[in-house]
Amino acid sequence: MSRAAILARPELPSLVFLILLVAALSVTTPSFFTIPNLQAVLEQVVVVSIVALAVNQVILSEQIDISTGSLVAVCAFVYGNIALTVGGSWVPLLGALATGAFVGLVNGVLSTYGRVSSIITTMGMLFALRGAVLLAAGAQVLNLPPESRIFGLGEAFGVPISIIVLVVVFALMGVVSRHTVFGRNVYAVGGNDRAARTVGLPLNQVRLMTLVLSGLSCGLAAAVLLGQIGQLQATAATGFELKVIAAVVLGGTSITGGRGSNLAPVVGAVLVGVILNALTLNRVPGIFELFVLGVLILAAVSFDGLRTRLTDRRR
């Protein structure tokens with residue numbers, strides 16, 4: 001890859017900032033660069049990255065999905081109840097994936113064929129799903145048996161299964177983005193939907209499928225999250241959608257669609273995880289987390305707008 005191509009990578013600014021931030025925290029916060037703390041950051045990053053990789057496709061197609069937090073909670077509720085009924089991890093996983101795919105399909109149908117803005121559709125779904133899981137589960141907290149926590153606690157050849165899951169999802173998304181017609185259509189639709197429609201690209205089908213992928217990723221992330229925490233509760237993944245959106249836009253994917261990379265959401269997820277972990281280590285009250293996430297999203301969107309204007313001027 002040429003130097004110009006490297007400098008043009010959308011995730012490069014975030015990656016450089018991440019490296020500098022890690023270096024600074026390693027010097028100023030002694031407890032940051034320790035194995036237990038890095039493991040804690042990694043656990044959070046894995047779950048966010050799994051969903052962010054799929055939501056990245058949604059945003060690339062010039063849509064948005066803000067229902068992911070509530071959907072993860074619903075998928076976790078389905079996974080946990082199936083696990084407590086039949087045991088194991090694989091049957092509960094199938095239930096969570098089916099639930100996520102169905103909700104993603106509903107989001108996709110409403111926002112494409114129903115012609116309802118994706119932000120309105122997924123916002124409504126955000127509240128509806130959270131309300132549903134709160135009504136169904138209430139304040140009940142259930143503990144999962146160890147055999148149902150394989151995706152969060154299990155290992156294969158000394159490597160955590162959660163990491164293997166993330167690597168597989170990352171690889172699959174990379175193949176989809178670069179080597180399939182669907183992946184190329186996502187960029188074309190998000191880059192210029194009018195031109196895409198003129199040449200006959202299936203805009204509705206492409207955008208619908210990105211939301212189904214987002215739903216599937218929530219089902220998978222729910223299995224990993226429950227494996228990590230071991231408890232089923234209705235308030236799980238509250239505010240999770242902000243971490244996902246922040247990861248995607250901080251990583252370098254344009255919020256207006258059509259420009260980004262498969263690596264961007266992972267870099268963004270690590271950056272979000274490190275920043276939130278730094279707040280915790282420095283005893284910043286947890287109530288500031290949403291404020292910080294909001295500021296990060298606004299900063300990333302502003303930077304993206306500035307970069308777009310500078311790029312257009314050079315052309």
Side-chain angles (χ1 to χ4, degrees), residues 1-24 41 44-66 68 118-119 166-167 169-178 183-192 210 213-214 217 240-278 292-315:
M1 184 180 293
S2 66
R3 180 182 298 179
I6 293 175
L7 293 175
R9 296 288 301 180
E11 70 276 0
L12 182 62
S14 295
L15 186 58
V16 171
F17 180 67
L18 174 61
I19 293 171
L20 294 175
L21 179 61
V22 169
V41 174
Q44 183 185 61
V45 166
V46 166
V47 179
V48 173
S49 294
I50 289 171
V51 179
L53 281 163
V55 173
N56 188 51
Q57 298 296 312
V58 176
I59 292 178
L60 283 171
S61 70
E62 204 179 9
Q63 297 185 110
I64 196 164
D65 185 356
I66 60 172
T68 53
S118 60
I119 191 170
L166 175 57
V167 171
V169 172
F170 177 78
L172 287 175
M173 287 298 180
V175 171
V176 168
S177 295
R178 293 191 293 270
R184 291 190 289 272
N185 285 348
V186 167
Y187 280 92
V189 168
N192 191 328
T210 62
L213 282 175
S214 179
S217 72
F240 180 79
E241 59 281 345
L242 288 180
K243 295 178 183 177
V244 171
I245 298 298
V248 176
V249 297
L250 277 176
T253 294
S254 175
I255 196 67
T256 57
R259 188 176 68 252
S261 73
N262 196 48
L263 184 59
V266 178
V267 173
V270 175
L271 183 55
V272 169
V274 169
I275 290 173
L276 295 181
N277 180 255
V292 171
L293 286 173
V295 170
L296 289 174
I297 292 173
L298 289 174
V301 171
S302 299
F303 177 76
D304 176 62
L306 177 61
R307 181 170 56 182
T308 300
R309 287 194 294 273
L310 290 174
T311 302
D312 291 343
R313 285 179 184 177
R314 290 175 182 174
R315 290 176 182 173

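Since the structure is predicted, the reported quantities are computational estimates derived from the model, not experimental observations.
Nearest heavy atoms, S61 versus V189: O-CG1, 4.0 Å. In this structure, G273 and V41 approach most closely via the heavy-atom pair C-CG1, 4.2 Å. Nearest heavy-atom pair, L166 versus S49, reported as atom, atom and distance to 0.1 Å: CD1-CB, 3.5 Å. Closest approach of A52 to A247, counting heavy atoms only: CB-CB, 4.2 Å.
For D65 (side chain) and V58 (main-chain N/O), no donor-acceptor pair under 3.5 Å exists by modelled atom type. Without hydrogens or angle criteria, S118 side chain to I64 main chain gives a donor-acceptor distance under 3.5 Å. With hydrogens and angles ignored, the 3.5 Å screen pairs no side-chain donor or acceptor of Y187 with any backbone N or O of S177.
Under the side-chain contact (heavy atoms from CB on, under 4.5 Å) rule, I245 has a single partner from L296, I59, V272, which is I59. Paired with P265 under the rule side-chain contact (heavy atoms from CB on, under 4.5 Å), one option of V55, L53, I50 passes, and it is L53.
Counting only heavy atoms from C-beta outward, the side chains of F17 and L250 never approach each other to under 4.5 Å.
Not counting sequence neighbours, Q44 has no partner by the side chain to side chain donor-acceptor pair (under 3.5 Å) test.
Here the straight-line distance linking atom CG of L60 with atom CD1 of I255 works out to 10.0 Å at 0.5 Å rounding. Taken from CG in L21 to OG in S14, the straight-line distance is 11.5 Å, to the nearest 0.5 Å. Considering CG of L15 and CG of L263, their distance stands at 7.0 Å, rounded to 0.5 Å. M173 CE to N262 CG: the interatomic distance, rounded to the nearest 0.5 Å, is 7.5 Å.
Judged purely by distance below 3.5 Å, without hydrogens or angles, the side chains of N56 and T253 pair a donor atom with an acceptor atom. Of the N and O atoms on the side chains of T68 and E241, not one donor lies less than 3.5 Å from an acceptor on the other residue. For the 3.5 Å distance criterion, the side chains of E62 and T256 fail to qualify, holding no donor opposite an acceptor. A donor and an acceptor atom, one from each side chain of S214 and Q57, are nowhere located under 3.5 Å apart.
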From CA spacing to verdict: side chain to side chain contact (heavy atoms under 4.5 Å, CB included), L276, K243: CA-CA 10 Å; L276 295 181; K243 295 178 183 177; 3.8 Å; yes
